[in-house]
*Asks:* 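My structure is below; once you've seen it, I'll send some questions.
The structure presented is a predicted model; accordingly, all values stated were derived computationally and were not measured. Labels below follow one simple rule: chain letters A, B, ... track the order of the sequence lines, proteins then strands, and each chain is numbered from 1.
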Protein chains: 2
Amino acid sequence: MKAEAEALDMIGDHFRRARLAAGLTQEQVADLAGISRPRYRDVETGAAAARATTLINVARALGLEMMLVPQAMVPAIEALLSPEGEDDRPAFSPQAEGDDE
Amino acid sequence: MKAEAEALDMIGDHFRRARLAAGLTQEQVADLAGISRPRYRDVETGAAAARATTLINVARALGLEMMLVPQAMVPAIEALLSPEGEDDRPAFSPQAEGDDE
DNA sequence: TCACTGTGATACGTTTTCGGATCAAATAGA
DNA sequence: TCTATTTGATCCGAAAACGTATCACAGTGA
């Protein structure tokens with residue numbers, strides 16, 4: 001399976017967890033993000049590679065933010081996001097490959 | 001101006017700085033990311049909203065990683081990324097709006 | 001001067017996302 | 001039971017990203 005598809009699934013799972021934690025429906029989040037419900041569903045299920053602007057709008061609708069960080073800093077940031085041994089899966093793990101598929 | 005366009009510019013600037021710091025040409029990064037040079041140029045200049053998979057591939061080609069983090073944690077993470085008072089602009093700032101445009 | 005490299009920029013055709021509309025399945029509540 | 005809500009899923013046309021090819025311009029060095 002492509003590493004790209006895995007990343008999309010991880011993003012979708014992250015959004016879904018955030019949405020359920022906020023007690024929102026798919027339609028509510030889609031409306032907040034300014035996209036249609038079928039399209040937000042695609043994002044949650046990883047069925048489509050949404051545009052950058054769509055990703056940013058969805059993230060912000062859920063109280064999240066997209067960040068670009070050096071790969072070497074990812075572990076430290078993940079530790080900062082889950083101080084207690086929580087299994088929160090804070091972001092889509094890097095897998096540290098670096099290149100293309 | 002749309003907040004979306006600003007975010008795209010911030011992403012593009014971030015990529016450009018990372019590319020120059022790595023001493024790579026646009027074509028080299030485009031090749032590593034598996035996209036064409038004109039399209040990578042669009043990403044750098046914010047002329048187009050690349051797909052999620054494209055963003056991830058470009059980021060990894062430059063040794064970066066896309067992360068989803070709670071908006072409340074952004075300041076702490078930025079502080080972690082720039083311990084010295086550096087003006088490194090580590091990510092596209094949240095602006096803390098939360099909703100759509 | 002010429003050649004080479006890196007970048008900016010455009011055009012064309014293909015592929016994919018997107019909004020809107022529609023229907024079905026599952027769940028919860030009266 | 002019936003009804004409403006939520007989600008899964010599909011189709012269509014429009015809009016946008018995408019690859020490829022092409023040209024121009026600035027800089028560098030032989």
*Asks:* Take atom CD of A:Glu4 and atom C1' of D:dC18, then tell me their distance rounded to the nearest Å.
*Replies:*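 Nearest whole value for this atom pair: 13 Å.
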*Asks:* If you measure from CZ on B:Arg37 to CD on B:Gln26, what distance do you get to the nearest 0.5 Å?
*Replies:*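 Between atom CZ of B:Arg37 and atom CD of B:Gln26 there are 6.0 Å.
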*Asks:* Say you draw a straight line from CE of A:Met66 to CD1 of A:Ile56; how long is it, rounded to the nearest 0.5 Å?
*Replies:*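 The CD1 atom of A:Ile56 is 7.0 Å from CE of A:Met66, to the nearest 0.5 Å.
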*Asks:* Could you check which of D:dC18, C:dG19, C:dC18 has an atom nearest any side-chain atom of A:Ile35?
*Replies:*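 Selected nucleotide (nearest to the side chain): C:dG19.
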*Asks:* Report the residues that fulfil side chain to side chain contact (heavy atoms under 4.5 Å, CB included) with B:Ala18, sequence neighbours left out, ordered by chain and then residue number.
*Replies:*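 Partners of B:Ala18 under the side chain to side chain contact (heavy atoms under 4.5 Å, CB included) test: B:Leu62, B:Leu64.
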*Asks:* Starting at atom CG of B:Asn57, determine the distance to atom P of D:dC18, rounded to an integer number of angstrom.
*Replies:*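 Spelled out: CG on B:Asn57 to P on D:dC18 is 10 Å.
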*Asks:* In Å and rounded to the nearest 0.5 Å, what is the OG1 to OH distance from A:Thr45 to A:Tyr40?
*Replies:*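 Going from the OG1 atom of A:Thr45 to the OH atom of A:Tyr40 covers 10.0 Å.
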*Asks:* Can you confirm whether B:Asn57 sits close enough to B:Ile35 that some side-chain heavy atom of one is under 4.5 Å from a side-chain heavy atom of the other?
*Replies:*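 The answer is no, as the side chains (C-beta and beyond) never meet within the 4.5 Å cut-off.
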*Asks:* To the nearest 0.5 angstrom, please state how far the CG atom of A:Leu81 sits from the CD1 atom of B:Ile77.
*Replies:*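 Answer rounded to 0.5 Å: 4.5 Å.
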*Asks:* Figure out the CD/P separation between B:Glu27 and D:dG19, and round it to whole Å.
*Replies:*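 The distance from CD of B:Glu27 to P of D:dG19 comes to 13 Å, rounded to the nearest Å.
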*Asks:* Can you measure from CZ (B:Arg51) to CZ (B:Arg39) and round to the nearest 0.5 angstrom?
*Replies:*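 Atom-to-atom, B:Arg51:CZ and B:Arg39:CZ are 11.5 Å apart.
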*Asks:* B:Thr25 side chain N/O closer than 4.0 Å to the phosphate oxygens (OP1, OP2) of C:dT5?
*Replies:*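 No.
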*Asks:* Kindly calculate the angle separating the two end axes of the helix from C:dT1-D:dA30 to C:dA30-D:dT1, each obtained from five base pairs, and round it to 10 degrees.
*Replies:*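 Both end axes considered, the difference amounts to 30°.
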*Asks:* Tell me: CG of A:Asp31 to C1' of D:dT6, nearest whole Å?
*Replies:*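 Distance check: A:Asp31 CG to D:dT6 C1' gives 15 Å.
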*Asks:* Any non-hydrogen side-chain atom of A:Arg19 less than 4.5 Å from a side-chain atom of A:Gln28?
*Replies:*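 The answer is no, as the side chains (C-beta and beyond) never meet within the 4.5 Å cut-off.
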*Asks:* Measure from CZ on A:Arg19 to C1' on D:dT5 and round the result to the nearest Å.
*Replies:*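 My rounded result for the distance is 13 Å.
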*Asks:* From CD of B:Gln26 over to P of D:dG27, roughly how many Å is that when rounded to an integer?
*Replies:*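 The distance from CD of B:Gln26 to P of D:dG27 comes to 16 Å, rounded to the nearest Å.
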*Asks:* Near DNA chain C, counting only heavy atoms under 4.0 Å, which residues of residues 37-49 of chain A show up?
*Replies:*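 Only A:Pro38, A:Arg39, A:Ala48, A:Ala49 qualify.
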*Asks:* To the nearest Å, give me how far apart CZ (A:Arg16) and C1' (D:dT7) are.
*Replies:*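 These atoms are roughly 8 Å apart.
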*Asks:* With respect to the side chain of A:Arg51, which nucleotide from D:dA16, D:dG8, D:dT20 is positioned closest?
*Replies:*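 So the nucleotide nearest the side chain must be D:dA16.
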*Asks:* Between atom CD of A:Glu65 and atom CD of B:Glu78, what is the distance when rounded to the nearest 0.5 Å?
*Replies:*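 So the CD of A:Glu65 and the CD of B:Glu78 are separated by 9.0 Å.
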